[in-house]
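Notes follow once the structure below has been shown.
Remember, predicted model here, so these are calculated numbers, not experimental data.
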Amino acid sequence: MATIRLFIDHPKPPAIKKRLLIRQAGDVSLHEKVSWESVNIILTTDESLLAMNRTYLQHDYETDVISFGLHEPGKPVVGEIYISLDQARVQAREYKVPVAQEISRLVIHGALHLCGYDDQTISQQEIMRKKEEFYLTKVPD
C-alpha cells in the first residue's frame, strides 16, 4: 500500500479536507493500475512553484501544479506533487468553483502526471481533462 502524505507550506491555507485529497490521489493510482510507493503532496505558494519551475524545468512563469517522479523506470512511483494554493484560488474564481474543488482537481492532475500522463498536446490535454472530471466525481466529498 502506498504512503501518501499531504503538507501545507502556505501562510494562509484555505479550509481543505486532507483525507479527501489523499484519497483522491490514491484512487488515481489504483484505477490507473500504477504502483505507488510514496507520494508527497505539498500545498504551497506561487513564489515557491515559480522558483521550482525556473530551477528544475527552466520555465519562467507561474504554474498551478508541478509533479516530480523520483523513482527509477519500472519501479513503484516515488514522487512529489506541488500545488500553488495562490493559483488554485485564482482558477477557482475563473472557473466559478469552490477553492477546495480546484485543489482536488490539481491533486488529481498531478497524480495523473505521476501515472505517466502528459499534457503537452491538445489531445493529451483533453484526455487529462476527462480523467480529472472522472476522478472528481469518483471520490465525492
Considering only heavy atoms from C-beta outward, does the side chain of Y135 approach that of S104 to under 4.5 Å? no

Decide if atom CD of E72 counts as having more than 12 heavy atoms of other residues, nucleotides or ligands within a radius under 6.0 Å. no

Quiz question: by atom type and distance under 3.5 Å, do the side chains of Y95 and Q101 form a donor-acceptor pair? no

Check this for me, if you would: do E102 and R105 make a salt bridge, where the nitrogen-to-carboxylate-oxygen distance has to be below 4.0 angstrom? yes

Quick one: does I16's side chain get under 4.5 Å of L43's, heavy atoms only? yes

Tell me if a side-chain donor or acceptor on H71 pairs with a main-chain N or O of V78 at a distance below 3.5 Å. yes

Taking E62 for its side chain and L50 for its backbone only, find out whether a donor-acceptor pair lies under 3.5 Å. no

Using atom types as modelled and distance alone, determine if a side-chain donor or acceptor of N40 lies under 3.5 Å from a backbone N or O of E80. no

Taking atom types as modelled, find out whether D64 and H109 have a side-chain donor-acceptor pair closer than 3.5 angstrom. no

The residue among L21, D27, V28 that forms side chain to side chain contact (heavy atoms under 4.5 Å, CB included) with Q24 is L21

Any side-chain donor-acceptor pair under 3.5 Å between S84 and D46? yes

Check whether any side-chain heavy atom of I81 sits under 4.5 Å from a side-chain heavy atom of H113, and report yes or no. no

Return yes if some donor-acceptor pair links the side-chain N/O of T3 with the main-chain N/O of S38 below 3.5 Å, else return no. no

Would you say the side chain of L57 lies within less than 4.5 Å of the side chain of T63, judging by non-hydrogen atoms? no

State, to 0.1 Å, how close V65 and L49 come at their nearest heavy-atom pair, and which atoms those are. N-CD2, 3.8 Å

Output yes when a side-chain donor or acceptor of S67 lies under 3.5 Å from a complementary backbone atom of G110, and no otherwise. yes

Sub-3.5 Å donor-acceptor pair from the side chain of T137 to the main-chain atoms of F134, do we have one? yes

For the student: nearest non-hydrogen atoms of A25 and V107, plus distance: CB-CG1, 3.9 Å

Residues in side chain to side chain contact (heavy atoms under 4.5 Å, CB included) with Q120, at least two apart? D118, Q124

